[in-house]
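Since this is a predicted model, take the numbers as computed values, not measurements. Positions are given from 1 along the sequence.
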Amino acid sequence: MNPAELNYQPVASFEKHEQEPLNRRMEKEAPPSVSEPGSAMRQFTAGLVVNIASIALGCCLGWTSPMTPVLDRNSTITSPLDVAPTVDEKSWIGSLVALGALIAPFVAGPLAGMIGRRWTLLASSIFFVVSWIMLLTVSSVAVILAARLIQGFGVGFVMTVQPMYIGEIASNEYRGALGSLMQLCIVAGILYVYAIGPYVSYYALQWACLALPIVFAAAFFFMPETPAYLISKGDSTKASESLQWLRGKSSAGVQEELTETTQTVQDALSNKASVMDLFKSRGNLKALIICCGLISFQQLSGINVILFYSQTIFAKTGSSMSPAISTILVGIVQVVASAATPLIVDRLGRKPILLVSAAGMCLAHGTMGLYFYMDHIKSDAVESISWLPIFSLIFFVTVYCIGFGPLPWAVLGEMFPANVKSIAASIVASTCWVLGFLVLQFFSTLDEAVGSHFSFWIFGICCAVAFTFTLLQMMETKGMSLQEIQNKLNS
């Protein structure tokens, strides 16, 4: 058999072949490894291009904030509907994105293992494009509901597969920074609709949102597949080419990393994985507890309530600043705060930032609840603290966007071995959106039943529990290779 032909055999054939393992043959056949400085520019280029999908995702999350007043006919912008949605319909309009995102990971995870991370992410753009076309031709609430569900499928695809893609193209020293770009781009998409929505027609906003997934598909088509996936399919030649492009090095310059990646992938693939393997291995179970815990507290922090209904929340405060301007201000703060995370995460580490984030969110919810409690009892002091809701929300989104917004997804991309990564990503992403759907669906009912003050205090209690969980369970991964992380989890 020609050695070159081995590059294109299925993974199973490597396991049964009686010749030397793939990584041993590569060490003999490839040129010796040399030290090259390389360049981080190309992996950051790939990271930024893939995150155009995150901007498109953010548009879906932020869409309800400027559009709810339009659909309610409480805006100068003409509604596309003849009749305003009912309270229940508005609740479904907000929560169906979460429901679609809950279902999608069970398709996206296995698909990423079959056709690759790159093609699965490109497929996500189809959902976004179809949904925005439906919203451009909307004639009833039912069409909006269907479009929002389809948007949820796109959101689920991106949030399941993108952490896998980033985790596998990033070098050890930049993995935290690249992983945290997702949150920055999501909030950039939210700000995009916050800033445009109140000032253009309904249809102009849909066209503006439609442009983003088209740009993503056109640009990401030229980005490489991850080396780890290519190795898992037996294509060491393309894996080497992908790594050379990402690192800006020659074939000899990437040989050491390619050999290490091959060893990691082959070790993982030697054991065929199932869902039960996540619970049989001590390291996998610990990683699953950490990732599901972090993502659960991300949703229980109440972030989606604030993102989806920020304009409505500001309107309830009676602040002298217009709700639209207040919402845009919050969106700007989100972008600025999210931009800080890539700069500090690989210096300070994941765990310290998450602890500060959880404590800050708890404090913000406490003060927000205090304001609404004072308003509930008709206190005379309400007017003198009218600044408190805006300050509290700005502080909340700042500490959220630095910590609990980006880092759970960054941790997900580096915690699991290759043989269970797609399964784990599906479970974690679904956990995220189960809680996201429940919070969005029942927030209005909870808010009406116990009052806004108790609603925010409940979120604050969840953030306090998140602090305790992070302190006791979170494992620091700063500067560690994927293999070192596995060794520590299993130690």
Only pairs under 3.5 Å count here: list side-chain donor-acceptor contacts from residues 203-218, not counting sequence neighbours, and write none if there are none.
from	atom 1	to	atom 2	distance (Å)
Gln206	OE1	Trp63	NE1	3.1
Gln206	NE2	Tyr202	O	2.8

Looking at [Y], is its backbone amide N or carbonyl O close enough to the side chain of [X] to form a donor-acceptor pair, meaning the two atoms are under 3.5 Å apart?
{"X": "Ser240", "Y": "Ser236", "answer": "no"}
{"X": "Ser242", "Y": "Pro224", "answer": "no"}
{"X": "Ser357", "Y": "Ile353", "answer": "no"}

What pairs of residues pass the salt bridge (Lys or Arg N to Asp or Glu O under 4.0 Å) test when at least one of them lies in [range], not counting sequence neighbours?
{"range": "residues 193-209", "answer": "none"}
{"range": "residues 67-80", "answer": "Asp72-Lys90"}
{"range": "residues 175-184", "answer": "Arg175-Glu414"}

Output all residues satisfying ring pair (Phe, Tyr, Trp, His ring centres under 6.0 Å) with [X], sequence neighbours left out; order by chain, then residue number.
{"X": "Trp245", "answer": "none"}
{"X": "Phe127", "answer": "Phe153, Phe157"}
{"X": "Tyr192", "answer": "none"}

### Query
With Glu241, which residues qualify under side chain to side chain donor-acceptor pair (under 3.5 Å), at least two apart?
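With sequence neighbours excluded, Glu241 shows a side chain to side chain donor-acceptor pair (under 3.5 Å) to no residue whatsoever.
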### Task
Apply side chain to side chain donor-acceptor pair (under 3.5 Å) to Ser392 and list each qualifying residue two or more places apart in sequence or on a separate chain.
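For Ser392, the residues satisfying side chain to side chain donor-acceptor pair (under 3.5 Å) (neighbours in sequence not counted) are Thr367.
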### Query
Should the pair His365 and Phe396 be assigned to parallel (<30°), tilted (30 to 60°) or perpendicular (>60°) ring geometry?
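Judged by the thresholds at 30° and 60°, the geometry between His365 and Phe396 is tilted.
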### Message
side chain to side chain donor-acceptor pair (under 3.5 Å) for Ser171 and Arg247? Distances and angles first, verdict last.
### Response
CA-CA 8 Å; Ser171 55; Arg247 301 293 181 262; 4.8 Å; no
### Message
Holding to salt bridge (charged side-chain N to carboxylate O under 4.0 Å, His left out), I want the full list of residues that pass it with Arg118, two or more places apart in sequence or in another chain.
### Response
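For Arg118, no residue satisfies salt bridge (charged side-chain N to carboxylate O under 4.0 Å, His left out) once neighbours in sequence are set aside.
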### Task
List for me each residue that meets salt bridge (charged side-chain N to carboxylate O under 4.0 Å, His left out) alongside Arg117, sequence neighbours excluded, and say none if there are none.
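If we apply the salt bridge (charged side-chain N to carboxylate O under 4.0 Å, His left out) test to Arg117, skipping adjacent residues, the hits are Glu168.
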Name each donor-acceptor pair under 3.5 Å that joins a side chain in residues 284-295 to protein atoms two or more places apart or in another chain, with its distance.
from	atom 1	to	atom 2	distance (Å)
Asn284	ND2	Asp277	O	3.4

